[in-house]
Amino acid sequence: MRRRDFVGVVTIAMVGLSRYAFAQTKVNLPTIGLLMPMKEGTDLAKLRQDAFRAGLAAEGFLDGSNYLLLTRFLEGDFNRIEPVVQELGLLKPRVAAIAAMGINAFHQRYPETPVVFTGIAADPIALGWVQSYARPGGMLTGNVMNAVGGEETMAQKRLGFFRELVPGASKIGIVGSGTNPVLLKEREALQKVAGQFGFEVLHYNIRSADDLENAFSTGDRDDISAFYISGEPLMFSNLSKVITFVAGSRKPTFGPYPEWGRAGLLMSYSQDPLEGYRNAGAYAAKILKGAKPGDLPIQQASKFILVINQRVARSLGILVPPSLLALADEVID
């Protein structure tokens with residue numbers, strides 16, 4: 001092992017153990033580990049933490065009174081998964097709640113710890129995590145972002161709304177890394193259904209936020225009609241930087257999460273992420289009460305949010321059809 005790697009592992013261990021010792025001073029409250037894909041300290045992170053706590057509160061569990069919440073952040077960086085997962089595991093949580101990134105890594109390293117997952121748009125059966133939706137079996141359960149029909153159904157809805165919003169669009173550029181097997185499903189679904197709406201789809205690969213400028217400039221040279229912003233954690237963790245390039249592109253842009261539509265995309269459509277965090281919090285509470293993860297059914301999305309950004313539409317000279325405005329859950333004006 002290289003000296004730098006060795007020092008890194010020792011540092012993680014010392015930090016983890018010191019935090020665990022602190023947890024023990026809180027009257028030996030049961031601990032919950034929450035692993036989040038975004039950056040710490042953002043409004044986005046706070047909203048999701050609050051939603052997670054609300055799910056626990058609905059089951060009668062209050063942070064600091066009935067449990068201690070230990071949160072770690074991946075900052076949208078896949079290279080951080082292994083060390084941060086190790087740090088969280090050293091804290092020995094009674095249950096781990098993991099959103100989007102690090103689910104498989106944590107379960108492989110700590111197979112005896114119950115895991116509640118959220119923020120994924122893939123089939124947990126196909127991934128080998130659970131045996132069935134009704135009875136997952138094993139130590140994993142949680143909720144998925146897609147309803148019956150999976151990610152392809154979501155892609156159809158997004159592309160259908162976007163076709164109505166920008167009828168002249170023909171070539172769409174997907175901006176995102178697409179390196180995670182879970183996140184590949186988003187791109188695959190878009191490519192599979194794009195032909196139904198007369199769209200050609202190109203992919204502009206992102207390995208880090210530093211690649212954003214090249215992705216948008218390449219898309220402009222390719223004369224794409226619009227950009228699709230991937231819902232993957234790398235993009236999500238660099239939301240403000242992405243929006244800067246979106247605004248500079250002067251092209252219609254759409255994506256999954258409500259935060260994207262509110263921040264500056266023309267349109268967004270997805271499951272309500274906060275619902276997923278609330279449900280994950282409720283499941284974490286049930287496990288603390290004694291429920292087995294394998295007996296808690298996988299929950300599918302039930303609430304979806306269509307956001308239309310009228311302010312962006314006006315700046316691009318796009319007239320939003322009244323029929324679409326009537327369907328929108330939120331109109332940013």
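The analysis underlying the following values was restricted to heavy atoms, covering all of them including side chains, and did not include hydrogens, waters or symmetry mates.
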Check: Is the shortest distance from a Lys or Arg side-chain nitrogen in Lys286 or Asp295 to a carboxylate oxygen in the other one below 4.0 Å?
Finding: no
Note to self: Looking at Lys241, I want to see if its NZ is surrounded by more than 12 non-hydrogen atoms of other residues, nucleotides or ligands under 6.0 Å.
What the structure shows: yes
Next item on the list: Check the angle between the aromatic planes of Phe61 and Tyr67 and answer parallel, tilted or perpendicular using the 30° and 60° thresholds.
Entry: tilted
Check: Looking only at heavy atoms, what is the nearest atom pair of Glu59 and Ala285, with distance?
Finding: CB-CB, 3.5 Å
Next item on the list: Indicate yes or no: at least one non-hydrogen side-chain atom of Ile120 is less than 4.5 angstrom from one of Trp129.
Entry: yes
Next item on the list: Write down the atom of Ile125, the atom of Ser132, and the distance for their closest heavy-atom approach.
Entry: CD1-CA, 3.8 Å
Item checked: Straight-line distance of Ile224 CD1 to Ile172 CD1, nearest 0.5 Å -> 8.5 Å
Notebook entry, point to check: Looking at side-chain heavy atoms only, is the closest gap between Leu234 and Arg207 below 4.5 Å?
Noted result: no
Check: Is the shortest heavy-atom distance from the side chain of Leu127 to the side chain of Asn104 under 4.5 Å?
Finding: no
Notebook entry, point to check: Can you hop from Leu327 to Phe254 via hydrophobic side chains spaced under 4.5 Å?
Noted result: yes
Next item on the list: Taking all heavy atoms of Val320 and all of Ala313, pick out the closest pair and write down the distance.
Entry: CG2-CB, 3.7 Å
Next item on the list: Please answer: with hydrophobic residues joined when any side-chain heavy atoms are less than 4.5 Å apart, are Leu274 and Leu239 in the same cluster?
Entry: no
Note to self: Is the shortest side-chain heavy-atom distance between Thr141 and Ile298 below 4.5 Å?
What the structure shows: yes
Check: Is the backbone N or O of Ser177 less than 3.5 Å from a side-chain atom of Glu232, with the two atoms forming a donor-acceptor pair by type?
Finding: yes
Next item on the list: Check Leu265 against Gly255 and note the closest heavy-atom contact, atom names and distance.
Entry: CD1-N, 3.5 Å
Next item on the list: Might you confirm whether atom CD of Gln196 has over 12 heavy atoms from other residues, nucleotides or ligands at distances under 6.0 Å?
Entry: yes
Margin query: I'd like to know if the side chain of Asn143 and the backbone of Thr118 have a donor-acceptor N/O pair within less than 3.5 Å.
Written below: no
Check: Would you call Met145 and Pro256 a side-chain contact if the rule is heavy atoms closer than 4.5 Å?
Finding: no
Next item on the list: Would you check, one step at a time, whether the test side chain to side chain contact (heavy atoms under 4.5 Å, CB included) holds for Phe236 with Leu44?
Entry: CA-CA 9 Å; Phe236 212 48; Leu44 189 65; 3.1 Å; yes
Next item on the list: For the pair Glu164 (side chain) and Pro321 (backbone), establish whether a donor and an acceptor sit closer than 3.5 Å, ignoring hydrogens and angles.
Entry: no
Notebook entry, point to check: Would Leu316 and Arg250 satisfy side chain to side chain contact (heavy atoms under 4.5 Å, CB included), going step by step from the backbone distance to the final call?
Noted result: CA-CA 7 Å; Leu316 296 174; Arg250 299 295 301 161; 4.0 Å; yes
Checklist line | Spatial distance of atom CD (Gln300) from atom CG (Asn279) [nearest 0.5 Å] | finding: 12.0 Å
Next item on the list: Locate the shortest heavy-atom distance separating Leu88 from Leu70; write the atom from each residue and the value.
Entry: CD1-O, 3.9 Å
Item checked: Distance in Å, Leu296 CG paired with Leu140 CG, rounded so as to fall on 0.5 Å steps -> 11.5 Å
Notebook entry, point to check: Does Leu91 reach the side chain of Arg72, with side-chain heavy atoms less than 4.5 Å apart?
Noted result: yes
Checklist line | Passing candidate, side chain to side chain donor-acceptor pair (under 3.5 Å) with Tyr204, options Asn214, Asp222, Asp211 | finding: Asp222
Margin query: Quick check against the 3.5 Å criterion: does Ser230 have a side-chain atom that pairs as donor or acceptor with the backbone of Gly176?
Written below: no
Note to self: Between Arg53 and Asp50, does any NZ, NE, NH1 or NH2 come within less than 4.0 Å of an OD or OE carboxylate oxygen?
What the structure shows: yes
Item checked: Backbone N/O of Ala284 and side chain of Arg94: donor-acceptor pair under 3.5 Å -> no
Checklist line | CA sep, side-chain torsions, deciding dist, call: Ile206, Val175, side chain to side chain contact (heavy atoms under 4.5 Å, CB included) | finding: CA-CA 7 Å; Ile206 297 295; Val175 182; 3.7 Å; yes
Note to self: Atom CG of residue position Asp333 - does it have more than 12 heavy atoms of other residues, nucleotides or ligands inside 6.0 Å?
What the structure shows: yes
Next item on the list: Please examine the side chains of Tyr228 and Leu190, heavy atoms only from C-beta on, and report whether any two atoms are closer than 4.5 Å.
Entry: yes
Next item on the list: Consider only side-chain heavy atoms of I, L, V, M, F, W and Y, link residues closer than 4.5 Å, and tell whether Ile103 and Leu35 are in one cluster.
Entry: yes
Notebook entry, point to check: Tell me, do Trp260 and Ser270 make a side-chain contact under 4.5 Å, heavy atoms counted?
Noted result: no
Note to self: Set out, in order, the CA-CA distance, both residues' side-chain angles and the distance that settles side chain to side chain contact (heavy atoms under 4.5 Å, CB included) for Phe197 and Arg158, then state yes or no.
What the structure shows: CA-CA 11 Å; Phe197 301 94; Arg158 288 185 193 120; over 6 Å; no
Next item on the list: Identify whether Met36 and Tyr257 are in the same connected component of the hydrophobic contact network (ILVMFWY, side-chain heavy atoms under 4.5 Å).
Entry: yes
Item checked: Gap between atom CZ of Phe52 and atom CG of Asp63 - 0.5 Å precision -> 9.5 Å
Notebook entry, point to check: Mind checking whether Phe304 and Tyr269 have parallel, tilted or perpendicular rings, split at 30° and 60°?
Noted result: parallel
Note to self: If you compare all heavy atoms of Pro297 against all heavy atoms of Tyr283, which two are closest, and at what distance to 0.1 Å?
What the structure shows: O-OH, 2.6 Å
Notebook entry, point to check: Do you reckon Phe162 sits in the same ILVMFWY cluster as Leu325, going by side-chain contacts under 4.5 Å, direct or chained?
Noted result: yes
Notebook entry, point to check: Does the salt bridge (charged side-chain N to carboxylate O under 4.0 Å, His left out) test come out yes or no for Asp77 and Lys39, once each step is laid out?
Noted result: CA-CA 10 Å; Asp77 186 351; Lys39 292 180 180 179; over 6 Å; no
Notebook entry, point to check: CE of Met38 to CE of Met235: how many Å apart, nearest 0.5 Å?
Noted result: 14.5 Å
Next item on the list: Nearest 0.5 Å please: distance from the OG atom of Ser249 over to the CG atom of Asp220.
Entry: 8.0 Å
